J.: 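Attaching a single structure in structure tokens format; questions to follow.
Worth saying up front: this structure is predicted, and the values here are computed from it rather than measured.
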Amino acid sequence: MGSEVGGDIGDEMQRQARRSYWRWSKQDFFPEESFKNWATYRYALSQTPFRFKDRLLARSDDASELGELRKQSENDMKRCLNWWDLTWFGFGSVIGAGIFVLTGQEAHNHAGPAIVLSYVASGLSAMLSVFCYTEFAVEIPVAGGSFAYLRVELGDFMAFITAANILLESIVGSAAVARSWTSYFATLLNRPSNSLRIHTNLRKGYNLLDPIAVVVLAIAAIIAMISTRKTSYLNWIASAVNTLVIFFVIVAGFLHANTSNLSPFLPHGAKGIFQAAAVVYFAYGGFDNIATMAEETRNPSRDIPLGLLGSILLCCVPECGDEVGKVPGGTWSSQRDDHCSSRGALGQARYTTHIARAHMIPPWFSLVHPKTGTPVNATLLIALCSACIAFFSSLDVLATLLSVSTLFIFMMMSVALLVRRYYVKGVTPQSNLLKLVILLLIIISSSMGTSAYWGLSPNGWVGYTITIPMWLIGTSGIAFLLPQQRTPKVWGVPLVPWLPSLSIATNLFLMGSLGYEAFVRFGICTLVMMLYYLLFGLHATFDMAHQQSKLRSMETMVTNASTTEADTMEKTGP
């Protein structure tokens, strides 16, 4: 019995190994039982409430993310990166469209010369998020990054919401960076930033078509698909050029200083600073891609923390220094810095790969090419979708939407870290779990209240006498009423729960500083995500989870049967 079952599993693995990478069958895109035919799909839809409850409560574990899901890719990614590569990869992901394009936009619209304070505010919030990412990345070094971490701590449904925002962030982020290239080229030619775009009569914000952005994305995708290592070399060169340009801006800005540009320093008050900070947060958003490179890192437990912390520290100095140089320098230095190149979004395809491994999108996108060791299909998905958006949408539309998604993901990561420290399934008493849920709701709701009050009454103070003490009560409750259930194996966030709780508050505060249009777009995207989940993602992940459960049962049967046969032979002899 054991040998027969084991043989079936082995034969199936051999059949998969012999399959070509380039395949397009229905089985590759919709292998789940729910999509076998129309009858099974109708039955799946009828089971939606039951399946939704199942996925809402289901949680993954470290071993599944590190082992079972990675098998879905059929081939392993090549381990070729070290901490130095990751540091500069993070630097290259961050220093780009945010610092070179959004700075002028937000200084003009909201912050004025105080844009440097906006970068300080968003940088501090980003640093808090880096701490949370680092602890997870060390203990669960997989390509899924925040998606994998949330699947383990908050369950499948919350992971889907995050996954959808990750894909949105990946696609919109790539589109925004590619769109900025056209502005770079135009400025390099001493022409208006929109002069190389095709002007149409479409709605404002979508009326400037950008074929150059499409070409940039195509080139970036090809490079990313060929080799991770070669992409890293290219990133070193681009980052070196970027660094020289930034220091040029700083020096030139001070040499040609015009102090009249510093007045008024706060044209729109403190509100303008935080409105700009919420948008330029995009300039720091690339560091989370480092966590997705874990499967291609030689020593993840050492290299990822060094890469994450090193890149954000490396970025904070030039980000703020560049703005200090621009403000007194005025228009001259601002126009001369936009020629710097942006880079391809390598890490975004790794997110997509792991999301596909969980079958939240078709598993065809999880395949890793056997020769290049890169997720070619996932890279194509991000590139094509980004190209469609970049062709039509303006940078300001993309930046606000991107900031909402990024801040939401980072807020969820901080929540997940608190859950990881204070809850372990099968160990934590139900009473402590209930306390944790209540206290987390107090922290989140009080942070949202602070953000809402700031938006409605920037000069008021009465509301803060309620919201801030409530935040302190929620955080203190976790600190003094609940024992930590898990100790980090290698590196842990200090001052838990205070730093993660502060990260929740700052991310929500910056989200509230964005305009209502950003939330309207975010709401529409969320509704589309939920529709997709109820029609496809829910049933695919349900089937996937139960299929894995059956495989584990079969493997247990094989192990038990083999043990029984060995015991019998030992007793009876050969």
Side-chain angles (χ1 to χ4, degrees), residues 93 95-110 167-225 234 238 241-242 245 279-280 282-283 285-286 331 334-346 348-349 379-405 514-515 517-518 520-522 524-525 528:
S93 297
I95 302 296
I99 188 172
F100 291 124
V101 178
L102 294 180
T103 298
Q105 172 185 301
E106 291 307 305
H108 178 269
N109 295 337
H110 297 118
L167 288 176
L168 179 65
E169 179 191 19
S170 300
I171 293 168
V172 172
S174 294
V177 172
R179 189 94 181 178
S180 69
W181 266 71
T182 306
S183 299
Y184 297 159
F185 287 142
T187 306
L188 182 64
L189 298 173
N190 287 322
R191 299 177 60 178
S193 60
N194 290 325
S195 62
L196 300 182
R197 297 186 174 108
I198 301 172
H199 295 248
T200 68
N201 294 324
L202 298 174
R203 182 181 174 184
K204 184 180 179 181
Y206 308 91
N207 60 330
L208 298 174
L209 308 186
D210 198 334
I212 293 177
V214 176
V215 174
V216 168
L217 284 167
I219 295 172
I222 292 171
I223 295 172
M225 287 187 290
L234 181 63
V241 173
N242 253 347
V245 171
V279 176
V280 300
F282 170 34
T331 306
S334 296
Q335 288 181 344
R336 286 297 183 268
D337 73 347
D338 275 354
H339 72 280
C340 187
S341 63
S342 59
R343 55 266 299 138
L346 187 69
Q348 296 158 351
T379 305
L380 287 172
L381 173 67
I382 295 296
L384 290 174
C385 294
S386 298
C388 293
I389 294 176
F391 187 63
F392 290 99
S393 304
S394 66
L395 186 61
D396 57 342
V397 171
L398 296 174
T400 54
L401 182 58
L402 181 67
S403 292
V404 173
S405 295
L514 293 167
E517 289 185 351
V520 170
R521 296 176 188 129
F522 182 72
I524 293 172
C525 290
V528 173

J.: Can you give me the closest heavy-atom contact between Ala390 and Asp210, atom names plus distance?
T.: O-CB, 3.6 Å
J.: Which heavy atom of Ala175 sits nearest a heavy atom of Ser386, and at what distance?
T.: CB-O, 3.6 Å
J.: Supply the atom-to-atom distance Asn207 CG to Ile198 CD1, rounded to the nearest 0.5 angstrom.
T.: 12.0 Å
J.: Any idea which heavy atoms bring Leu217 and Ala383 closest together, and the distance?
T.: CD1-O, 4.3 Å
J.: Would you name the heavy atoms of Thr379 and Ala224 that are closest together and state the gap between them?
T.: CG2-CB, 4.2 Å
J.: Before giving the answer on side chain to side chain contact (heavy atoms under 4.5 Å, CB included), spell out for Leu209 and Arg197 the whole-Å C-alpha distance, their side-chain angles and the decisive distance to 0.1 Å.
T.: CA-CA 6 Å; Leu209 308 186; Arg197 297 186 174 108; over 6 Å; no
J.: Please report the interatomic distance CG(Leu196) to CZ(Phe185), rounded to the nearest 0.5 Å.
T.: 9.0 Å
J.: Do you know which two heavy atoms are closest between Ala213 and Thr182, and how far apart they sit?
T.: N-OG1, 3.9 Å
J.: Would you give the length of the straight line joining atom CZ of Phe392 to atom CZ of Arg179, rounded to the nearest 0.5 angstrom?
T.: 10.0 Å
